[in-house]
Structure formats: C-alpha cells, structure tokens
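Counting from 1, the numbers follow the sequence of the chain as shown.
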Amino acid sequence: MNSSILFKNSIFRLDKLSLIKEAVRFTDDGAGEIKTDDLGRIIRIRPSQKKLNQLLSDGNNSYKATHLEYDTTGNIAKIVYSRYFTSGSRQNRKWKHIEDDVIKIDYTYDSYGNWTMAKITTFHQSWEKYLSSYGKETNKEESYYIREISYYSDNDKTPPTSFVVKEE
C-alpha cells in the first residue's frame, strides 16, 4: 500500500469525496454495498451479498472491503482496507478475514476546534494464525502533517485563505 499518494496533498477533505466517488463507481452495477452510520457517513464499502455468493460460485478466492472510522469532530480517523479469502472445502467454502492495510489519523485540535496537526500512521496486519506476525502492526510508518490557519477578526471582511497541508 502506498499511502504517500493518498496523503501527498490534502486528503482531509478530498478523502471523503474520493471515497464516495469510489463507492458510487463500485456500486454502479449493483455489485457493491455501502453501509452508512446514523449521520449518513460511509462506514463500509464492500461487494453485495449477492456478488459475494457469485464470487464463491465462480471460484474466485478473494475480495476487498473498505472500512472507515470517524473521530468526534467528524474527520476520518481510520481507513482500513481489508482482504478476505476463501476457506473450507470446495463444497463448503466461506469467506475468511485475512489481512488489513490500515491508515490511522490522530488529529490535534486548537482552541477554535480546527485541527492543526495530524499524525498519520500506516501499517499492515495479518490475521492468518499460522503466521508469526499474526495481529501485529508490521511495515509501520509515521508522518506528520500540519494545517496552516489564518484567523481574522470579526470586522475583517477578507475571506479566509485555503489551508495548506504540508509534510513536516
């Protein structure tokens, strides 16, 4: 997983758009399923149950799903790309969760409620019990992004500038 592409500019707003765009594309043919929370935010994107059954009957052995978690201010705090493989005999195959690529985002907020820094941690986890790395966070990388924010007085009619995200 190359997370540097995701975070090269500002994923902090674009991520929501691109994930929704991906979800819409993913479900255009009726083969996908989007699960949302009570606020209408996407929390899971995966093939529909009908599509999963079709994949099994066609002999395919894997599929991917995207899971999203949000922090209390509504920003995406975790993106998990999960991979599922088949297990069991040919007559009794089912899906088994095998591995995750995780992007975790820890925001620091200022007194105005704006995030000022984000610590991004990426790692891989295997859920195959026979592997020595079972459940461990491997290939872990951390990076920091700051948001430059200019504040204006109530009398200042100048519109605020767009924020800039840069790697420290």
Salt bridge between E33 and R44, side-chain N to carboxylate O under 4.0 Å? yes

Verify whether one side chain among N61 and Y84 offers a donor that lies under 3.5 Å from an acceptor in the other. no

Where is the tightest heavy-atom contact between L55 and R93, given as atom of each residue plus distance? O-NH2, 4.1 Å

Working note: Y63 + W95, criterion ring pair (Phe, Tyr, Trp, His ring centres under 6.0 Å); need CA distance, chi angles, decisive distance, verdict. CA-CA 9 Å; Y63 78 89; W95 296 111; 4.9 Å; yes

Do I120 and Y145 come within less than 4.5 Å of each other through their side chains, counting heavy atoms only? yes

When you group the ILVMFWY residues by side-chain heavy-atom contacts below 4.5 Å and let the links chain together, are L131 and I98 in the same group? no

For A65 against R46, the heavy-atom pair lying closest together: CB-CB, 3.6 Å

Quick check on salt bridge (charged side-chain N to carboxylate O under 4.0 Å, His left out): which of R83, K64, K136 does E99 satisfy it with? R83

Only one of D101, D100, T138 clears side chain to side chain donor-acceptor pair (under 3.5 Å) with H124; which? D101

Polar contact flag, side-chain donor to acceptor under 3.5 angstrom, D110-T116: no

Verify the cluster assignment for F85 and V80: are they in a single hydrophobic cluster under the rule of side-chain heavy atoms below 4.5 Å apart? no

Could you tell me the separation between the CD1 atom of I34 and the CD1 atom of I42, rounded to the nearest 0.5 Å? 5.0 Å

Residues D71 and Y109: side-chain donor-acceptor under 3.5 angstrom: yes

